[in-house]
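In what follows, a single structure is set out as structure tokens and then discussed.
This chain uses plain numbering: 1 for the first residue, then up along the sequence.
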Amino acid sequence: MRPVPTILHLDMDAFYASAEQAAKPSLRGKAVVVGGLGPRGVVATASYEARRFGVHSAMPTAQARRLAPNAAYLVPRFSLYRAVSDQVMELLGRLSPLVEPLSLDEAFVDLEAGGTADDAESARAAGEGLRKAIRAVTGLSGSVGLAGSKMLAKIASEQAKPDGLLLIEPGTERELLAPMSVRVLPGVGPATGDHLRRAGMSTVHDLAEAGEAELVRLVGKAHGHGLFRMALGLDDRPVVAERDAKSVSVEDTFDMDLHDRVRVRAEVERLAVRCVERLRAADRSGRTVVLKVRRYDFSTLTRSETLRGPTDDPTVVREAAGRLLESVDTTGGVRLLGVGVTGLADYTQEDLFAQAADARELARRSREPQPPRSGGETAGGEEPATEEGGREGEELLAARRWPAGHDVRHEEHGHGWVQGSGVGRVTVRFEEPWGAPGRVATFRTDDPRLRPADPLPLVREPDDYSSWPARRPKSRSGPGSCEGGESSP
């Protein structure tokens with residue numbers, strides 16, 4: 001625990017949904033749900049307008065549609081989210097060399113390590129300046145928590161939502177935590193929370209009063225010790241700039257169960273190729289190949305094979321995954337498949353010439369047709385093959401070629417986004433992030449004048465923040481002696 005609140009936690013507000021609202025003027029102030037749109041789709045993010053109807057992350061999309069039937073349901077655009085995340089992380093990097101990203105929209109920052117803040121006043125100024133910079137550069141809002149530990153900074157940012165800042169003064173931690181639910185503490189999930197509740201402990205105050213020995217008896221030595229410290233507001237975890245990934249994996253949930261063994265194997269091979277693409281993008285290799293199969297009855301099986309040495313060879317991973325599949329009974333149907341690699345390393349023990357030859361194999365297999373997936377997305381960006389015939393098959397192809405919410409460009413009307421597709425037609429709203437709500441037009445799904453496009457930036461001409469933040473002079477003078485950043489109006 002630090003005596004000054006110089007650990008910052010940033011959490012962007014309803015990130016995916018807010019990015020979609022910023023990109024689409026006609027959706028601002030309206031309920032927006034981003035996630036998989038197929039029968040087995042799951043909500044990734046819901047805008048605050050949609051949350052008023054009870055929609056939340058990880059909820060089945062079908063249930064969300066019942067709660068908010070008039071909301072806009074969009075397929076995620078990860079290229080846009082990554083681009084905005086890069087802008088946000090770049091701003092965080094100016095505050096300190098110690099930035100610990102947790103996801104695309106969330107990170108810890110050690111302000112003290114960057115010389116940005118050394119007391120409550122300068123920390124607050126840095127936090128307010130960061131919020132203002134994020135708004136100017138991306139057009140989005142983020143909530144900031146400041147405290148003397150990572151746990152409390154994260155709790156503070158959650159309390160500050162949406163679009164706020166909360167600083168927890170050192171010495172007030174126990175008073176703040178006492179009335180909160182035990183679920184607010186890291187590592188306390190639904191199962192542990194229910195276990196503690198049955199033991200008569202529903203608040204953090206209850207945990208602190210119970211004592212360490214009782215918590216160790218209830219949840220075990222390691223967890224009980226850590227839980228008691230957190231209940232007292234104690235957390236010594238440092239901000240870590242780089243965290244080594246322990247595995248790389250990809251998985252897909254299918255709209256319809258796969259029954260054909262040949263199709264199942266083809267999908268496993270395709271997932272293996274995608275896994276190697278991610279592995280190579282991270283400049284890593286791995287020694288253990290893992291196969292995950294979720295069957296029609298929701299039973300989940302995992303199989304693994306350890307190789308003689310680390311590899312990033314697509315043929316090696318693909319063949320290992322194929323061998324693992326042979327030991328799994330898929331006759332009842334498969335709803336989810338996944339391929340992963342663990343035991344990561346920075347080197348390989350494979351034939352370099354074979355790896356070069358397999359680069360062509362990566363490209364070829366990524367272009368192969370694929371079975372339907374939840375949310376209408378496909379690996380490699382290609383249209384999937386479908387077993388359905390006639391109009392139903394055409395509708396599936398159209399939905400995957402023109403995903404709801406994705407960008408398009410028309411030769412005459414310019415940039416727009418897909419509102420929906422069906423019956424051989426695709427409906428497009430033509431508008432840009434910096435303009436007014438645009439008009440709607442409908443075209444044939446095979447109209448040659450209409451084509452997919454890349455997302456536009458959310459802010460056309462962002463303010464110049466190249467000199468932000470102002471550097472604090474190194475000084476041992478008292479609080480308030482140097483300026484820590486800009487303040488929001």
Side-chain angles (χ1 to χ4, degrees), residues 9-24 27-82 84-85 88 101-108 134 138 140-145 151 153-164 180-194 249-253 255 294 298 300 335-336 338 373-377 403-406:
H9 180 260
L10 170 72
D11 195 356
M12 300 295 289
D13 299 321
F15 183 48
Y16 296 174
S18 294
E20 296 296 346
Q21 289 176 319
K24 302 171 172 64
L27 295 185
R28 292 169 192 168
K30 299 180 180 179
V32 174
V33 179
V34 180
L37 304 190
R40 294 171 178 168
V42 174
V43 174
T45 309
S47 69
Y48 287 99
E49 294 85 355
R51 294 181 190 187
R52 297 191 189 109
F53 296 96
V55 180
H56 57 77
S57 300
M59 171 183 287
T61 303
Q63 181 181 355
R65 288 187 185 276
R66 291 192 293 270
L67 293 172
N70 297 321
Y73 289 84
L74 309 176
V75 175
R77 295 187 296 159
F78 288 107
S79 60
L80 170 65
Y81 311 149
R82 291 190 189 99
V84 176
S85 176
V88 172
L102 303 179
S103 62
L104 289 177
D105 63 334
E106 185 180 3
F108 288 110
I134 289 174
T138 70
L140 304 180
S141 67
S143 296
V144 169
M151 177 187 75
K154 184 174 175 64
I155 290 173
S157 69
E158 187 64 31
Q159 296 289 310
K161 282 185 169 293
D163 193 19
M180 293 185 178
S181 166
V182 295
R183 291 288 305 278
V184 78
L185 299 178
V188 180
T192 302
D194 287 343
S249 63
V250 294
E251 63 181 42
D252 276 322
T253 300
D255 286 346
R294 180 165 297 152
F298 287 90
T300 302
R335 61 184 292 120
L336 177 148
R373 290 174 180 78
S374 178
E377 295 183 282
H406 280 225

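Expressed to the nearest 0.5 Å, how far CD of Glu20 lies from CG of Leu27 amounts to 8.0 Å. One finds the CG atom of Asp252 at 13.0 Å from the CZ atom of Arg335 (value rounded to the nearest 0.5 Å). Between atom OG of residue Ser85 and atom CD of residue Glu106 there is a gap of 11.0 Å, rounded to the nearest 0.5 Å. Atom CZ of Arg52 is separated from atom CG of Leu67 by 15.0 Å, given to the nearest 0.5 angstrom. Residue Glu49 holds its CD atom at 10.0 Å from CZ of Arg51, rounded to the nearest 0.5 Å.
Side-chain atoms of Asp13 and Lys161, non-hydrogen and from C-beta on, do get closer than 4.5 Å to each other. No side-chain heavy atom of Gln63 sits less than 4.5 Å from a side-chain heavy atom of Val43. With contacts defined as side-chain heavy-atom distances shorter than 4.5 Å, the pair Tyr48/Gln21 does not qualify. Side-chain contact between Arg66 and Phe53 is absent, with no heavy-atom pair separated by less than 4.5 Å. The shortest distance between side-chain heavy atoms of Leu37 and Arg65 falls below 4.5 Å. Looking at Lys24 and Val32, their side chains never come closer than 4.5 Å, going by heavy atoms from C-beta outward. Looking at Val33 and Leu74, their side chains never come closer than 4.5 Å, going by heavy atoms from C-beta outward.
For the pair Ser57 and Ala44, the tightest heavy-atom approach, listed with the atom from each and the gap, is OG-O, 3.0 Å. Contact between Ala23 and Arg77 at its shortest, heavy atoms only, is CB-NH2, 3.3 Å. Considering all non-hydrogen atoms of both residues, Leu102 and His9 come closest at CD1-NE2, 4.0 Å. Between Ala14 and Ser47, the closest heavy-atom pair is CB-CA, 4.4 Å. In terms of heavy atoms, Gly35 sits closest to Pro76 at O-CD, 3.4 Å. Ala404 and Tyr73 make their closest contact through CB-O, 3.6 Å (heavy atoms, listed as atom of the first residue, atom of the second, distance).
Side-chain N or O atoms of Thr61 include one that pairs as donor or acceptor with a backbone N or O of Gly41 at under 3.5 Å.
The aromatic rings of Phe78 and Tyr16 sit perpendicular to each other, their planes meeting at more than 60°, with 30° as the lower class boundary.
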Full working for side chain to side chain contact (heavy atoms under 4.5 Å, CB included) between Met180 and Ile155: CA-CA 10 Å; Met180 293 185 178; Ile155 290 173; 3.9 Å; yes

Apply the test side chain to side chain contact (heavy atoms under 4.5 Å, CB included) to residues Ile134 and Leu10: give CA-CA distance (whole Å), side-chain angles for both, the deciding distance (0.1 Å), then the verdict. CA-CA 11 Å; Ile134 289 174; Leu10 170 72; 3.7 Å; yes

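Each of Leu104, Thr45, Val88 was scored for a side-chain contact (heavy atoms from CB on, under 4.5 Å) with Phe15, with one residue passing: Leu104.
With hydrogens and angles left out, the side-chain atoms of Asp11 and Ser143 include no donor and acceptor closer than 3.5 Å.
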